[in-house]
Amino acid sequence: MEYNFNEIEKRWQQYWIDHQTYKVSIDPDKPKFYVLDMFPYPSGAGLHVGHPLGYIASDIYSRYKRLNGFNVLHPMGYDAYGLPAEQYAIQTGQHPAITTEKNIARYREQLDKIGFSYDWDREVKTCDPDYYHWTQWAFIQMFNHYYDKQADKALPIEQLLARFEKQGTEGLEAAETEALSFSAAEWKQKSEREQQEVLLNYRLAYLADTMVNWCPALGTVLANDEVKDGFSERGGHPVEQKRMRQWLLRVSAYAERLLKGLDTIDWSDSLKEIQRNWIGRSEGAEMNFPVKDSEVEMKIFTTRADTVFGVTFMVLAPESELVQQLTRPEYRAEVEAYLEKTKKRTERERQTEVKKMTGVFTGAYAINPLSKEEIPVWVSDYVLAGYGTGAIMAVPAHDSRDFAFARTFDLPIPQVVVPKGEAPGDTSTWKDSIDSKEGTMINSGFLDGLSVPEAIERTKQHLVETGIGNVKVNYRLRDAIFSRQRYWGEPFPVYYKDGLPHMLREDELPLPLPEVDKYLPTEKGEPPLARAKGWTTKEGYPLEVNTMPGFAGSSAYYLRYMDPKNSKELVSPEANNYWQDVDLYIGGTEHATGHLVYSRFWNKFLFDLGKVCKDEPFKKLVNQGMIQGRSNFVYRVKGSNTFVSLNLKEQYDTMEIHVDVNMVHNDVLDIEAFRAWNPEYKDAEFVLEDGKYLCGWAVEKMSKSMFNVVNPDTIVAQYGADTLRLYEMFLGPLEQSKPWDTNGIDGVHKFLRKVWRLFVDKEGQLVVSDAQATAEELKVLHRTIKKTSDDVERFSFNTAISSFMICVNDLNDLKCNKRAILEPLLVLLAPFAPHLCEELWHKLGHEGSICDAQWPAFNADHLVESSIQYPVSFNGKMRFKLELPADMPPAEVEKAVLADEQAQKWIADKEVKKVIVVPGKIINIVVAG
RNA sequence: GCCCGGAUGGUGGAAUUGGUAGACACGCAGGACUUAAAAUCCUGUGGCCAUUGCGGCUGUGCGGGUUCAAUUCCCGCUCCGGGUACCA
């Protein structure tokens, strides 16, 4: 009987459902292990073959851990809110909930066919009120907390209120939008409204007027990580800067902890590096520059305080408040014109015109606090309002932007750092600024002669002592804009009273998403929720009309899986204390600066509240590589309906046409399928080579338009789920990106058939014997146990599969069909090919699932060799092999090898300079002459 | 521009701490079985030279270096992929 994967897979998938094989619950007698996949957004296109790559890897690891005695939590769910369903709703009027449910059903169907060990009782959907209840709840908590830098954690806003009552801002160190200073008396004199405005300056979820990334085509704002090169990541629409009142999350309060936490978690270096860059910590100094004939001081941030003697001008960001204060009347018109002009420039233009410097002089002069020189103050959009203080000191000789600006407006460029081993140069001949990270200070007063690091320290010291400035750490990480002007998202648990935001009570949650007549903004330009009838509290106060962004629902889903049905809290302390954190998280790098920052922030906040027991949510994270598409081409002779095979195309004038890869096998075109594909090709003629039509190929993005999308269902129907699982893993290292290439899938399928035939003969009879295993057979088995255990531990699934193949080939050669060998082998293979192994496991007479078997123990005794085939090298080149006893001491080995006649041939009349013997490894003979 | 990662046969890839380069698989070529095909099995397969046998030379993107020994370590470069970008 042949290996009938269709029947086998159907049978065991049903068995697993019937026996609740993958249901898990808290079991204090077993160690826990939590394996998590990044949950998918259920798109209308369904899963393609790239999606399950990570799921298969995590599934193998989950099953492996279970076989090793762990209680494994391995859940799955859906990131169900998102733009595509809403865009579809706008076009068709179909409620996004319906679209989403349909897509989820399709995803589920596809996932089920692959044989995953998910506990579906724990499924979460972010659009489910029982789920977003806790998203809304967390938002309320953030609104009700502020970040205290002394305690280095979030504290209740009541504590801040009490403090203001008692001592105002005196001694307060808190994360804030802007630095405020008032006494207790001043606080008490403030009106309720004023007090609330002040509190928004501290709340971790707060309303503020900010410059946002406005995408007119989508009709909404976007977070920084949702914008790529001035275009929206979804849809590729242009994005512009706009000032709007929005909800924000004070992620920046956690910048330092987010950075430090990276050192405690097992993530890839590249991913950590991306996060470090995104957080962008830079240590520097804040310095105050007095302004001539003015009370105003310009505060600037610099990481290179040592170059202060090289400053020849100051630059303000156009949005800086100082622009109005400093601009001299006679320059006002010019400055206004410039501000007007820059406002019109989109983010996109600012980025593409990097080289072109624009700016305007304000007429004001600042005074260099160290050199006492007067220096002109300019305005230019190359300075960003959002970073540092929105004002800079320009050091044109050593900063390329400042240099370009100085050249454009003909400002002086004095050199203050001389690189090691060079003489001071003539800056008027320079094409660009010169690097100044290393070198010696010149033209810098009391800093002259010092090295750069010394000068930085000395200047900082000087600033602090004289009160001119202070040492300061800046972060690039911005607060996350949390409002979206969309329908299909979580409603905010917020209402407005006299224009001030208030939170719903916790017992009023969840606040369900209302129905609307259209999924479009109102005529007044308000978000879709403004269309909802009765969108007010019981008392009649209007509810917030914005909704939350995509990352809201994905920021704590891993916690909800621990206790998905709890209606009283996000996760019970019992469940959280047992499951703790995610031991292994598998997903793509594309979430490096979005989800993986926000969920770490969210988790740290909940940790501060004592709601979760771990500061970092994801202990180990493995990035799976992207699966690219592999397109196939046919070559049409221009102006005809004739197609020529790949290697003949040079003889004709042809054009390349994409063909659906699903009708190409091993680059050979299925001509009948091609003719049926499109009426245009019905009567196509073919010029073949060797009787076949060979297609060309290229690696491209996997997309419908390239006809290179391969669905897992197709592969499952053709080869079975076990083959798909094996092949996805066999393709190469998990972390590496690679094109999906079905060439080669026959190899793993053949392997599974070979496994089948070790157990079952042609008549379908079990041929397993109870005879005792030989030493040789045991060696094969234990070599495989060792190799596959090591490989699974380090996520090297492709090499694990190779070693299975070697093992099965060896057992075939040995004609081994002994239970003592085959049964442990089956357990090893079960995480990879669960259906086949379950079938054979039961054929062997077992009652329960192979999932509850025990991973075979490795016994090194079986691998001990009495002799070793030493490779013998001459000057590092391997020449022949020599079998010697394994325990022969190196001196004996040397003697033996020199006495060998093959060695003599190679030595001939040359002089033996040295013999290196690495016991058990290699012999190298160094000869000269 | 800056920061990461990568480059090995016709193809995907292996070589875990510097120790036999090319495991395993695809493809290809030849053969066995078969009326035939499919399936299965066997043999060969980096390149060049020699193939009468032994073999020999060369080879991990390029150029140097360290070492008895380098795909692996160091220096310089080329190309490819990813991240990021007026972040002071």
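Sequence lines set the chain letters: A, B, ... in the order given, protein chains first and strands last, and positions in each chain run from 1.
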Specify whether A/Tyr382 and A/Phe405 have parallel, tilted or perpendicular ring planes, treating 30° as the upper limit for parallel and 60° as the lower limit for perpendicular. tilted
Report the relative orientation of the aromatic rings in A/Tyr387 and A/Phe301; use parallel for angles under 30°, tilted for 30 to 60°, perpendicular for over 60°. perpendicular
Let me know the distance between CG of A/Asn812 and C1' of B/C24, rounded to the nearest Å. 15 Å
Let's see if you can work this out: which of B/A88, B/G19, B/C86 has an atom nearest to the side-chain heavy atoms of A/Tyr387? B/A88
When both hydrogen-bonding distances must be under 3.5 Å and the geometry is Watson-Crick or G-U wobble, what is B/C33 paired with, if anything? none
Starting from P on B/C24, measure out to NZ on A/Lys787 and report it in whole angstrom. 13 Å
Would you say the base of B/U20 and the side-chain of A/Lys921 have a donor-acceptor pair closer than 3.5 Å? no
Interface polar pairs with nucleotides 3-12 of chain B, N/O, under 3.5 angstrom:
residue: B/G12; atom: O2'; partner: A/Leu731; partner atom: O; Å: 2.5

Are A/Phe751 and A/Trp756 near enough that their ring centres are under 6.0 Å apart? no
With a 3.5 Å distance limit and no angle check, can you tell me whether A/Arg476 reaches the backbone of A/Asn277 through a side-chain donor-acceptor pair? yes
Kindly assign one of parallel, tilted or perpendicular to the pair A/Tyr3 and A/His749, based on the angle between their ring planes and the thresholds 30° and 60°. tilted
Do A/Arg478 and B/C87 share a donor-acceptor pair, side chain to base, under 3.5 Å? yes
Is the A/Phe5 to A/Tyr719 ring centre distance short of 6.0 Å? no
Take the protein atom CZ of A/Arg753 and the nucleotide atom C1' of B/A38, then report the distance between them rounded to whole Å. 11 Å
CG of A/Asp269: more than 12 outside heavy atoms within 6.0 angstrom? no
Whole-Å distance separating the CZ atom of A/Phe751 from the P atom of B/A39: 19 Å
I'd like a list of close polar pairs between nucleotides 42-44 of chain B and the protein, N/O only, cut-off under 3.5 Å.
none

Atom CD1 of A/Ile868 and atom C1' of B/G19: how far apart are they, to the nearest Å? 13 Å
Whether the side chain of A/Asn817 engages the backbone of A/Val767 through a donor-acceptor N/O pair (distance < 3.5 Å, no angle test) should be reported. yes
Let me know, please, whether A/Gly390 or A/Ser796 comes out on the 5' side of the other along RNA chain B by nearest nucleotide. A/Ser796
Tabulated below should be each protein N or O lying under 3.5 Å from an N or O of nucleotides 55-63 of chain B; please produce it.
residue: B/C57; atom: OP2; partner: A/Arg879; partner atom: NH1; Å: 3.2

Syn or anti for B/G76, please, going by whether the chi angle lies within 90° of 0. anti
Is the A/Phe874 ring parallel, tilted or perpendicular to the A/Phe880 ring (thresholds 30°, 60°)? tilted
Base-pairing assignment for B/U84 (Watson-Crick or G-U wobble, both under 3.5 Å): B/G1
Should B/G46 form a Watson-Crick or G-U wobble pair with both distances under 3.5 Å, which nucleotide is its partner? B/U58
Roughly how many Å is it from CD1 in A/Ile916 to P in B/G18, rounded to a whole number? 17 Å
Picking from B/C24, B/C68, B/U40, which would you name as closest to the side chain of A/Val926? B/C68
For B/C26, give its Watson-Crick or G-U wobble partner with both distances under 3.5 Å, or none. B/G10
Check the distance between B/C86's P and A/Tyr382's OH and give it to me in whole angstrom. 14 Å
Spacing between A/Phe403 atom CZ and B/A88 atom C1', to the nearest angstrom: 17 Å
Which base sits across from B/U17 as a Watson-Crick or G-U pair, both distances under 3.5 Å? none
What's A/Lys913 touching, base or sugar-phosphate or nothing? Going by heavy atoms closer than 4.0 Å. nothing
For A/Lys779 and A/Glu865: C-alpha separation, side-chain torsions, deciding distance, then whether side chain to side chain contact (heavy atoms under 4.5 Å, CB included) applies. CA-CA 10 Å; A/Lys779 192 192 285 179; A/Glu865 302 271 359; 3.1 Å; yes
5' priority, RNA chain B, between A/Asn924 and A/Gly280 [closest heavy atom]: A/Asn924
Should the pair A/Arg600 and A/Trp267 be classed as cation-pi, given the thresholds of under 6.0 Å to the six-membered ring centre and 45° from the axis? yes
